[in-house]
Amino acid sequence: MALSVFELRKFVVPEFIFGVGAIDLAGQYAENFGAKKVLIVTDPGIIKSGWLEPVVKSLDNHSLPYVVFQDVHSNPRDYEVMAGASVYLANGCNVLVAVGGGSPIDCAKGIGIVAANNCQIADFEGVDRVTRAIPPLICIPTTAGSSADVSQFTIIADSMRKTKMAIVSKTLVPDVALIDPGTLITMPAYLTACTGMDALCHAIEAFVSQACSPLTDLHALKAVELLSKYLPLSVSYPENLEYRSYTMLGSLSAGMAFSNAILGAVHALAHSLGGMFDLPHGECNAILLKHVMAYNFSACRDAYEKIGEAMGLSLKDLPASQREMLILSTIDSFREQLGITKTLGDIGITETDISRLAINASVDPCLATNPRVPTLKELEEIFRHAL
Ligand SMILES: [Fe+2]
């Protein structure tokens with residue numbers, strides 16, 4: 001049951017700087033945090049796009065030495081976290097700077113956990129299991145989607161179990177996020193679409209979460225409004241800074257909402273898919289969203305109608321069944337309009353995978369806040385609809 005407006009609630013967000021040029025403040029913040037040596041966590045794609053350069057320049061301007069760790073896949077693996085922690089400790093680093101999408105940021109959080117707690121990353125899976133605070137962490141997101149730069153989550157792939165571990169802890173909230181919409185202009189259209197759909201899923205799942213509150217609702221609904229208007233424009237006009245900035249603002253709002261309200265079945269199922277088949281997180285979410293909403297609809301009809309209205313639908317004169325159909329078809333056409341047209345079958349998932357996918361999804365912590373509690377059979381059915 002959602003909290004009413006007079007009940008106690010906690011809302012955790014980091015300090016953040018939002019705006020073009022925020023990336024140039026990396027050196028200033030590292031100095032403020034007492035940096036002696038910085039570990040920069042990034043990936044080869046970001047280096048190729050040119051976004052490591054301003055970070056390095058900013059550190060140089062403050063005479064701060066650094067080491068670059070770039071061995072990070074999308075869906076960062078447990079062994080990459082352990083390797084990064086070894087580099088951090090071997091070089092005597094004391095501050096982390098993550099530059100990139102959700103993968104380098106999640107990896108940097110994992111490196112921080114391992115470096116501070118001297119354990120295997122898998123030891124921290126679950127909620128509130130990180131005991132010792134991670135080193136100062138500066139996050140510079142280069143996608144408008146994951147919101148790992150403001151969240152208390154990290155998602156790490158368990159390479160042995162072929163599943164994803166969700167680690168949720170207040171200690172994972174970064175010390176500062178330098179959110180620079182200028183970094184988005186190099187993002188290709190399909191990546192813009194998938195990461196933006198991830199953000200939309202964050203907003204929708206937070207708004208109907210069993211842990212939502214009036215504070216998270218404010219941000220979630222605003223995020224739906226901003227993303228539904230500006231994400232398609234960002235895909236069509238990649239170099240327009242105004243469209244990119246509003247998309248980034250939508251992603252930030254969704255991030256503040258979901259980090260505090262947690263998520264739901266879309267993410268539980270997407271984590272299962274991503275862990276088993278190493279698929280892009282945003283693409284999985286985009287494919288699953290409508291099917292999870294169809295399953296959840298009876299449990300959160302009013303909230304979904306508010307989401308439909310935030311997307312610009314006029315629902316008030318329609319009967320309930322038509323409102324439901326219109327909202328679901330709008331979600332579907334929004335995804336298609338962004339160029340995401342695949343089904344799970346198209347990306348290689350078959351009927352024989354469904355049982356294992358559903359079992360892995362059933363133990364994901366994100367499922368606990370979904371508005372309906374699905375059985376294993378129901379999880380299988382949702383996957384089957386998305387094939
Ligand atoms: Fe996500």
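Read the numbers this way: they start at 1 and go in the same order the structure lists the ligands and their atoms.
Taking the six-membered ring where the residue is Trp, the centroids of F153 and H202 are separated by 6.0 Å or more.
Tested against C201, the residues L227, L288, N285 include a single side chain to side chain contact (heavy atoms under 4.5 Å, CB included) partner, N285.
Side-chain N or O atoms of T42 include none that pairs as donor or acceptor with a backbone N or O of G100 at under 3.5 Å.
Using the six-membered ring where Trp is involved, Y230 and Y246 have ring planes that are parallel, under 30° apart on the 30 and 60° scheme.
Checking E381 against Y295 by side-chain atom types alone, no donor-acceptor pair falls below 3.5 Å. Of the N and O atoms on the side chains of N260 and S213, not one donor lies less than 3.5 Å from an acceptor on the other residue.
Each protein N, O or S atom less than 2.8 Å from the Fe ion (ligand 1) was counted, giving 4.
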